[in-house]
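Since this is a predicted model, take the numbers as computed values, not measurements. Counting from 1, the numbers follow the sequence of the chain as shown.
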Amino acid sequence: MRQTSRISSLLFAACAAFASQAQLTCETAVPVGIGQHVVTGVTGTAPVVLCSGNPAIAANGMWYTFTATADTGITVSSYIVGNPTTDTRMHVYTGVCGALACYAGDDDSGPGYSSISNFAVEAGTTYYIAWDSYWTASGFTFEISETITPHPPQGLVTFTGVGVPGAAGVMGVVDMNNDGLDDLIAPGYTSFVILHQQAGGGFVPTTYTTTPADNTASWSFAIGDWDSNGHRDLLYGGGSGATFMKANADGTQYTEVTFPQYIFCQRTNFVDLNNDGHLDAFSCHDVDANVGFINDGNGNLTFTQGGYGTTCGNYGSIFTDYTNDGVPDLFVAKCGCDPQDLMMQNNGTGAFTNVAPAQGLNDSHQSWSSAWGDFDNDGDMDVLIGASSSGYHKLMMNDGTGNFTNATPGSGMDTFSGQSIEWTAHDFNNDGWVDILGGGALHYNNGDGTFSHDALAPGNQAVGDLNNDGFLDIATSNGYRQNNGNDHNWIRINPVGVASNRDAIGARVTIVSALGTQIRDIRSGDGFEFMSYIGAHFGLGTDTEVESVTIHWPSGNVDVIENPAINTVHSVIEGTFTSVPAMAAERLTLAPNPADEVLMLGGVPLNAPVEVLDASGKLVLSTRAAGGRVAVGALAPGSYLLRLVVDGEVLQRRFAKR
């Protein structure tokens, strides 16, 4: 009964609002409520604070307000089944006219480039909704509907909006000056802005003038040091192609590199596609085969096409090592002309094969991105394939050998109806379990295969630690939503490659604590549009120490750090810790030692996963101790370290191969 009364009151507000036509400015914005609202044409004052899409200001706008009567979630959508679709752009604010702060927004996530945004609202708060004419000034109808989500568990994190002076059009959260602090980055047309986080708090903006970008970051934004000179470069994914902004030797100037080939760019990434130690780039192509940019190691990129998915409808790419073989594989969330998702398995030399049908990972619903993380902390990457409109969500759990089981039923994601183009995975409450952000809610991982939904959390944009407190914040166009945190501990690892690409993109970081084992992949580009921090962030819950950190570098090298300090950031240079210490427990036995063809393991479970490192710390064998036996006949004669994790304990012992 209370639910019905609430909706009825909102409907009454909507009906009353239709009588007014004075929505031409923020000051004369028309109150609206639950229901449909007709925009006869976009003819008013354009918003200048932009919350979505290209950072260019439109010519005109139309303004509305929505005042919530209860704490709930709502969806604002210009896509209404049965109505013609119109290319729209929407911005949602809190605050007052003259001092508005971005709260939500959308550009093109719905069919026909319509706009759909899910966000939480609080009773008594007024939200400004502005539509602009960036794409068209034509009339359309939009709808506001209520999204009912269960209340989240008690004691979880909250977020507070923080405006940053000088911030506008922020799309990235990355440490750009190597000081260990994440910065805000706003790409542009003839310049871009980096707002450098200060050790004592706050940000200092620096504007970098460039030649006019042939393609702006209108669809996606990626960052990575592709020439390994110590200064990170930018990649703009525009509607017509890819444009790189390449940093000079001291990071004070940037040179544009644009390829002439047409690409309807969607998600872009930096990644070492062919495992040669040089950072390459990648772009989804909406209307043709996907594209790679291969780095020759001498400052040159070569355009390649066709080996990363050959059909259209490619939207959300993410690189992750789902097979645990040390090389990143490619997943592409798809929709449109060919909506069958891709799981492109990497053979380690740059050849990719689609195995999605065999793994049950291909879907036919609208999916613009996916969230990858080890949701059950069993040492392999799982995935939530999130719907962007009128679809279902699919939670798939990896069994450790690259095979997936549909775990959606009973997970909480089966009953969640929120939709969005952005889906990402991070541990926001630092409890040691990877959460999911998307669909207008933060989905807390309960550690038992289920997720609880918080519709009061902010929307999904770039993620990073923007006040240096060890909790992950969420950027907005003109600032960020600060994670207010809790008492949980944490650790962050920022790998720096030497034999590998400098950003260590493609590395796997593993930590062991009393909670067990956690893994993270180092990536450039997740979700659909934005660029989040480069590094590995781990929540520790109430654990007060980390037993070990292991970095598997793209080169094959392995660094092991014992008992690192917690609640701090560690920058780890490749090769610093390759002198691996003695074994952590006496119960592991190896025989015979020296070995010829087979090692027999004692004191550990049968079929346990095993790694073998050579004398330089390079990973040379990753297998399972089938029946307690490890085949080592293919190894060259020399000294090796056998290593495995059992019940959260690192066991390792040296052996010789004859």
Side-chain angles (χ1 to χ4, degrees), residues 153 155-157 180 321 324 372-382 398 400 425-436 444-449 465 468-472 483 485-495 504 507-522 533 535-553 558-572 576-577 580-588 603-605 608-611 613 619 641 643-653:
L156 300 180
V157 294
D321 181 9
N324 288 354
W372 284 81
D374 185 5
F375 298 130
D376 53 1
N377 282 354
D378 67 346
D380 50 61
M381 287 294 174
D382 313 302
N398 190 340
H426 304 277
D427 184 359
F428 286 96
N429 61 349
N430 282 353
D431 66 348
W433 297 92
V434 177
D435 310 308
I436 298 170
Y444 288 99
N445 187 341
N446 298 317
D448 59 1
D465 186 356
N468 197 31
D469 67 348
F471 286 83
L472 294 175
N483 185 336
N486 52 34
D487 293 332
H488 288 162
N489 296 314
W490 56 277
I491 190 171
R492 176 161 161 180
I493 309 299
N494 291 339
R508 166 69 58 83
V509 182
T510 303
I511 72 165
V512 178
S513 71
L515 276 171
T517 301
Q518 299 183 56
I519 63 172
R520 302 286 188 271
D521 285 342
I522 307 300
Y533 70 98
H537 174 92
F538 298 89
L540 300 175
T542 58
D543 288 359
T544 57
E545 64 180 8
V546 169
E547 299 170 23
S548 67
V549 174
T550 302
I551 304 174
H552 291 87
W553 301 87
V558 179
D559 275 290
V560 180
I561 305 100
E562 302 289 348
N563 301 311
I566 66 170
N567 296 331
T568 191
V569 178
H570 297 268
S571 292
V572 181
T576 304
F577 296 92
V580 181
M583 72 175 204
E586 295 296 333
R587 74 171 190 256
L588 173 64
V604 298
V610 171
E611 298 176 342
L613 287 65
L619 181 68
L641 179 83
R643 185 172 187 268
L644 67 162
V645 178
V646 178
D647 297 329
E649 184 178 20
V650 180
L651 309 180
Q652 49 198 26
R653 184 176 286 278

Nearest atoms (heavy-atom pairs only) where Gly535 meets Asn494: CA-OD1, 3.7 Å
Separation between CG of Asp431 and CG of Asn446, rounded to the nearest 0.5 Å: 8.5 Å
Looking only at heavy atoms, the pair that brings Ile491 and Pro564 closest together is CD1-CG, 3.9 Å
Just how far is it from atom CG of Asn445 to atom CG of Asp376, taken to the nearest 0.5 Å? 8.5 Å
Counting only heavy atoms not in Asp448 (residues, nucleotides, ligands), do more than 12 fall under 6.0 Å from its CG? yes
Within a strict 4.5 Å, meaning less than it, do heavy atoms of the Phe538 and Val509 side chains meet? yes
Does any N or O in the side chain of His537 come within less than 3.5 Å of the main-chain N or O of His426, such that one atom is a donor and the other an acceptor? no
Sub-3.5 Å donor-acceptor pair from the side chain of Asn429 to the main-chain atoms of Val157, do we have one? no
Check Asn377 against Gly432 and note the closest heavy-atom contact, atom names and distance. ND2-O, 2.9 Å
Rounded to the nearest 0.5 Å, what's the gap from CG on Asp469 to CG on Asn483? Could you check? 7.0 Å
Report the distance from atom CG of Asn486 to atom OG1 of Thr542, rounding to the nearest 0.5 Å. 11.0 Å
Under 3.5 Å, is there a donor-acceptor pair between the side chain of Asp435 and the main chain of Phe428? yes
Using a 3.5 Å distance criterion without hydrogens, assess whether the side chain of Gln518 forms a donor-acceptor pair with backbone atoms of Val434. no
Evaluate the side-chain contact (heavy atoms from CB on, under 4.5 Å) criterion for residues Trp490 and Ile566: first the C-alpha distance (whole Å), next the side-chain angles of each, then the deciding distance (0.1 Å), finally the verdict. CA-CA 6 Å; Trp490 56 277; Ile566 66 170; over 6 Å; no
Please report the C-alpha distance between Asp543 and Asn489 in whole Å, then the side-chain angles of each, then the deciding distance to 0.1 Å, and finally whether the side-chain contact (heavy atoms from CB on, under 4.5 Å) criterion is met. CA-CA 7 Å; Asp543 288 359; Asn489 296 314; 5.8 Å; no
Which residue pairs pass the salt bridge (Lys or Arg N to Asp or Glu O under 4.0 Å) test when at least one of the two sits in residues 511-522, sequence neighbours left out? Arg508-Asp521
Determine, stepwise, if the pair Asp559 / Thr550 fulfils side-chain contact (heavy atoms from CB on, under 4.5 Å). CA-CA 6 Å; Asp559 275 290; Thr550 302; over 6 Å; no
Looking at Asn398, is its backbone amide N or carbonyl O close enough to the side chain of Asp382 to form a donor-acceptor pair, meaning the two atoms are under 3.5 Å apart? yes
In sequence, state the C-alpha distance, the side-chain angles, and the governing distance for His552 and Leu619, and then conclude on side-chain contact (heavy atoms from CB on, under 4.5 Å). CA-CA 8 Å; His552 291 87; Leu619 181 68; 3.9 Å; yes
I want to check something: taking the side chain as every heavy atom from C-beta on, are Tyr533 and Asp465 in contact at a cut-off of under 4.5 Å? no
Is there side-chain contact between Val549 and Val572, with at least one heavy-atom pair below 4.5 Å? no
Interatomic spacing from CG in Asn324 to CD in Glu611 - rounded to 0.5 Å: 9.0 Å
